[in-house]
Amino acid sequence: MSGRIQLQRQDALALVTLSHPGRFNAMSRAMWRELRAVFVSFQQDAALRCVVLRGEGGHFCAGGDIFEYPDFRFSEAGLRDFHENDVWGGLQAVLDCDVPVVAQIEGNCMGAGVEIACCCDIRIAADSSRFGAPIGRLGFPMAPREAALVLREAGGPTVREMLLEAAVLTAQQMLARGFVQRIVSEEAMAGEIAGTTQRIVALAPQAARLNKQTLRTLQSGAPDALPALLARAYDYADSPEHREGITAFLAKRPAEFSVPIP
């Protein structure tokens with residue numbers, strides 16, 4: 001069994017579940033391709049407001065499916081195709097998603113799991129979850145694009161511990177280092193995720209998409225990005241969502257703070 005990506009829809013919320021029973025949801029090549037297809041489809045879904053990315057059975061993701069590795073790791077072309085097309089294709093699709101993505105991290109979050117979590121906007125971890133990338137024990141380095149991603153999101157000291165020492169870090173350590181935003185008990189996880197997604201879904205969806213586009217572009221460091229960002233931001237001024245949001249907010253304020261919307 002090569003595992004699969006499960007997709008459930010609850011109105012404006014999508015639940016994406018990494019499922020590979022018996023292997024702690026290790027990512028197979030098929031799963032990377034499915035992950036890409038699912039997140040590419042989200043870009044065309046105007047009704048979608050939030051995505052939760054999680055693992056099945058009490059674990060997030062234990063890394064890559066090492067049982068597949070002999071099929072391609074000993075060939076330069078095969079290894080390149082795996083990392084540049086399968087793995088990076090899936091990661092890039094999550095990074096490119098304009099809808100807010102919440103990572104529900106429980107149990108093992110190793111290797112590929114850390115990389116997938118790096119692509120999410122809000123990371124909520126169970127207090128018993130563990131993080132690492134001990135691929136040095138398998139005799140190979142992290143692919144450069146993937147290392148750059150983890151370096152950016154987890155920071156230099158953390159990625160060096162993971163790669164050079166095969167360190168496994170606790171949720172408390174990852175919170176202190178700014179990788180996860182919140183830690184909750186396993187029992188409280190469902191309620192925390194529900195509260196987080198409800199807050200996101202209640203906000204203006206187009207504003208959220210524009211915010212993600214702006215943050216992504218600014219993070220890329222592209223020197224010519226500002227004009228396009230300004231155009232997108234100010235074109236929003238005449239949108240129905242913008243007008244409705246301000247009007248609804250002012251309607252809740254005392255009369256002396258209210259002004260007509262032209």
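Both backbone and side-chain heavy atoms feed into the values below; hydrogens, waters and symmetry mates do not. Everything quoted here is computed from the prediction, not taken from an experiment.
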Looking at [X] and [Y], would you say the former's side chain and the latter's main chain have a donor-acceptor pair under 3.5 Å?
{"X": "Glu106", "Y": "Glu56", "answer": "no"}
{"X": "His59", "Y": "Gly107", "answer": "no"}
{"X": "Ser129", "Y": "Ala125", "answer": "no"}
{"X": "Glu34", "Y": "Arg4", "answer": "no"}
{"X": "Gln181", "Y": "Arg123", "answer": "yes"}
{"X": "Glu68", "Y": "Arg29", "answer": "yes"}

- Given Glu146 and His83, is the side chain to side chain donor-acceptor pair (under 3.5 Å) satisfied, shown in steps? CA-CA 9 Å; Glu146 298 155 47; His83 282 289; 2.8 Å; yes
- Query: Between the side chains of Arg182 and Thr196, is a donor N or O closer than 3.5 angstrom to an acceptor N or O?
  - Reply: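 Side-chain D/A pair, Arg182 to Thr196: present.
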- Please determine if Glu84 and Arg145 form a salt bridge, counting it only when a charged side-chain N lies under 4.0 Å from a carboxylate O. yes
- Item | Basic-acidic side-chain contact under 4.0 Å: Arg36, Asp86 |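 Salt bridge flag = no for Asp86 with Arg36.
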- Pairwise distance OH(Tyr69) to CZ(Phe140) - rounded to 0.5 angstrom: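 Nearest 0.5 Å value for the OH-CZ distance: 4.5 Å.
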- Message: Nearest 0.5 Å, please: how far is CZ in Phe131 from CD1 in Ile105?
- Response: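 The distance works out to 4.5 Å.
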- Regarding Arg177 and the six-membered ring of Phe179, is the cationic atom NZ or CZ under 6.0 Å from the ring centre and inside 45° of its axis?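 No, a cation-pi geometry is absent between Arg177 and Phe179.
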- If you draw the axis of the six-membered ring of Phe60, does the NZ or CZ of Arg54 fall within 45° of it and under 6.0 Å from the ring centre? no
- Task: Taking the side chain as every heavy atom from C-beta outward, state whether Arg9 and Leu48 have any pair of such atoms under 4.5 Å apart.
- Result: yes
- Message: Any heavy-atom pair between the side chains of Met27 and Cys61 that's under 4.5 Å?
- Response: yes
- Task: Scan Ile122, Asp121, Leu95 and name whichever one has a side chain to side chain contact (heavy atoms under 4.5 Å, CB included) with Val101.
- Result: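 Only one option passes, and that is Asp121.
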